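A short write-up of the structure that comes next.
In what follows, chains are A, B, ... by sequence order, proteins preceding strands, each numbered from 1. No experiment lies behind these values; they were computed from the predicted model shown.
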2 protein chains.
Amino acid sequence: MKLNKKDRQQMLQTTIRNTPFITDEELANKFGVSIQTIRLDRLELKIPEVRERIKHVAVQHFDQVKSLSIDEVIGEVIDLQLDQSAISILEFKREHVFSRTKIARGHHLFAQANSLAVAVIDDELALTAKANIRFTRQVKEGERVVAKANVVKKGKFRTTVEVNSYVEKELVFSGDFVMYRKEDVQREG
Amino acid sequence: MKLNKKDRQQMLQTTIRNTPFITDEELANKFGVSIQTIRLDRLELKIPEVRERIKHVAVQHFDQVKSLSIDEVIGEVIDLQLDQSAISILEFKREHVFSRTKIARGHHLFAQANSLAVAVIDDELALTAKANIRFTRQVKEGERVVAKANVVKKGKFRTTVEVNSYVEKELVFSGDFVMYRKEDVQREG
DNA sequence: TTGCTATTAGTACCTAGTCATAATTCAAAT
DNA sequence: ATTTGAATTATGACTAGGTACTAATAGCAA
């Protein structure tokens, strides 16, 4: 079953999207055409060569790894008063939701809130000791969650941080985090 | 400051680890030696060529993306009795810990426990409504955390799951998760 | 048969290498 | 001072997976 140009190019796109590491030669075999035809197709569809595609995937991954270790807060911090309050925004994308239901996975809401609680503490080291959390409304793919952290109690070694997360005006998550700091690091988070 | 062979090879390794997309030519310039020397070094250190390195990073990333969307549990499930109990193992690597202190970030422990609590529920849909969690000991890079989930209460719409996570015999995390299921999905997790 | 698109072929060139051999440099030991 | 051996550099042939360009051929409709 030989395909016409249009169909072949259609299939070519999805094939390359699914298996980006495929070479022109392999594609030529797959579609029963010459290598030159595949190259013309890629030219028309503006699909780069296999080595560029591989590199693209790798660079993306590498950047992701880098930014994760540099910026240790999950979400974008838009306000930060050390030992007082902080606000971060996280947009829930495909990677944050259950693929079937498109509902956000709880640990991402937790991660946003928890890392904000860590960030608000004005100390070299802050670790979560305890947390009491409520998920009050589903978050769906595409929604932007605004997390607001407030320091509610500050002891010598422990700080209690309250975090409320909203979509628009609606509360979607709230949690009380008991944080340990600096010297007294028997516990973790 | 020209380096001797040993020091150069030492630096070469860390350079390539940090910037794996560097070519032999760039490395030769960086170290003030010929390309051939770099190639001999790579041969001795068993470091593959740049295109292989790029591919390696890309393949890793690609596999990760695939497995994340297929298998939605964080960690490896090694036992699962639906509506009864489940066990998963997660090895804490560099990406799970604070880069400075090498101590595990709390939300990864939470994610392992929470996703196991979701998995143990024998229903189409299970979402976390509430959770009460304690971090009882730090987890360090390289440690393997075994999470054990037990269903402790099963109501019509809610199921309570208790999860305890251990490194060896030591309790590092424990949490009570109140899960909603199926029809009654007003809340989320 | 002409005209047009699609396809295939062929050539020169490119990058970033491998593999093998040979030549050169340098420093330490005799 | 010379020799020896390791380290370094050079050279040439070859590879994969391409780009860029030109030219030839195939298929089909007006």
Q. Contact boundaries of DNA chain C with chain A (under 4.0 Å, heavy atoms), 5' to 3'?
A. C:dA6 to C:dG10
(Q) What is the distance, to the nearest angstrom, from the NZ atom on B:Lys6 to the P atom on D:dA7? (A) 12 Å
Q.
Could you check whether any side-chain N or O of A:Gln84 sits under 3.5 Å from a backbone N or O of A:Gln81, counting only pairs where one atom can act as donor and the other as acceptor?
A. no
Q: Treat primed atoms plus P, OP1 and OP2 as sugar-phosphate and everything else as base, then score nucleotides 16-30 of chain D 5' to 3': B for base contact with protein heavy atoms under 4.0 Å, S for sugar-phosphate contact only, - for none.
A: BBBB-----------
Q. Over how many whole Å does the gap from B:Asp41 atom CG to D:dT9 atom C1' extend?
A. 13 Å
Q | ring pair (Phe, Tyr, Trp, His ring centres under 6.0 Å) involving A:Phe173 - partner list, sequence neighbours excluded | A | A:Phe135
(Q) Taking ring pair (Phe, Tyr, Trp, His ring centres under 6.0 Å) as the definition, give me every residue that meets it alongside B:His96, ordered by chain and number, with sequence neighbours left out. (A) B:Phe92, B:His108
**Q.** Whichever hydrophobic residues join B:Val178 through chains of side-chain contacts under 4.5 Å
**A.** none
Q.
By the 4.0 Å heavy-atom rule, please label A:Leu40 as base, sugar-phosphate, or nothing.
A. base
Q | ring-ring contact (aromatic ring centres under 6.0 Å, His included) pairs, two or more places apart, involving residues 19-54 of chain B | A | A:Phe62-B:Phe21
Q | Sequence neighbours excluded, every pair satisfying salt bridge (Lys or Arg N to Asp or Glu O under 4.0 Å) that has a member inside residues 160-172 of chain A | A | A:Arg137-A:Glu170
Could you go through residues 33-40 of chain A and list every donor-acceptor pair under 3.5 Å that involves a side-chain atom there, pairing it with any protein atom two or more places apart or in another chain?
{"unit_1": "A:Ser34", "atom_1": "OG", "unit_2": "A:Thr37", "atom_2": "N", "d": "3.3"}
{"unit_1": "A:Ser34", "atom_1": "OG", "unit_2": "A:Thr37", "atom_2": "OG1", "d": "3.1"}
{"unit_1": "A:Arg39", "atom_1": "NE", "unit_2": "A:Asp24", "atom_2": "OD2", "d": "2.9"}

Q.
So, using ring pair (Phe, Tyr, Trp, His ring centres under 6.0 Å) as the criterion, who are the partners of A:Phe177 when residues are at least two apart?
A. A:Phe110
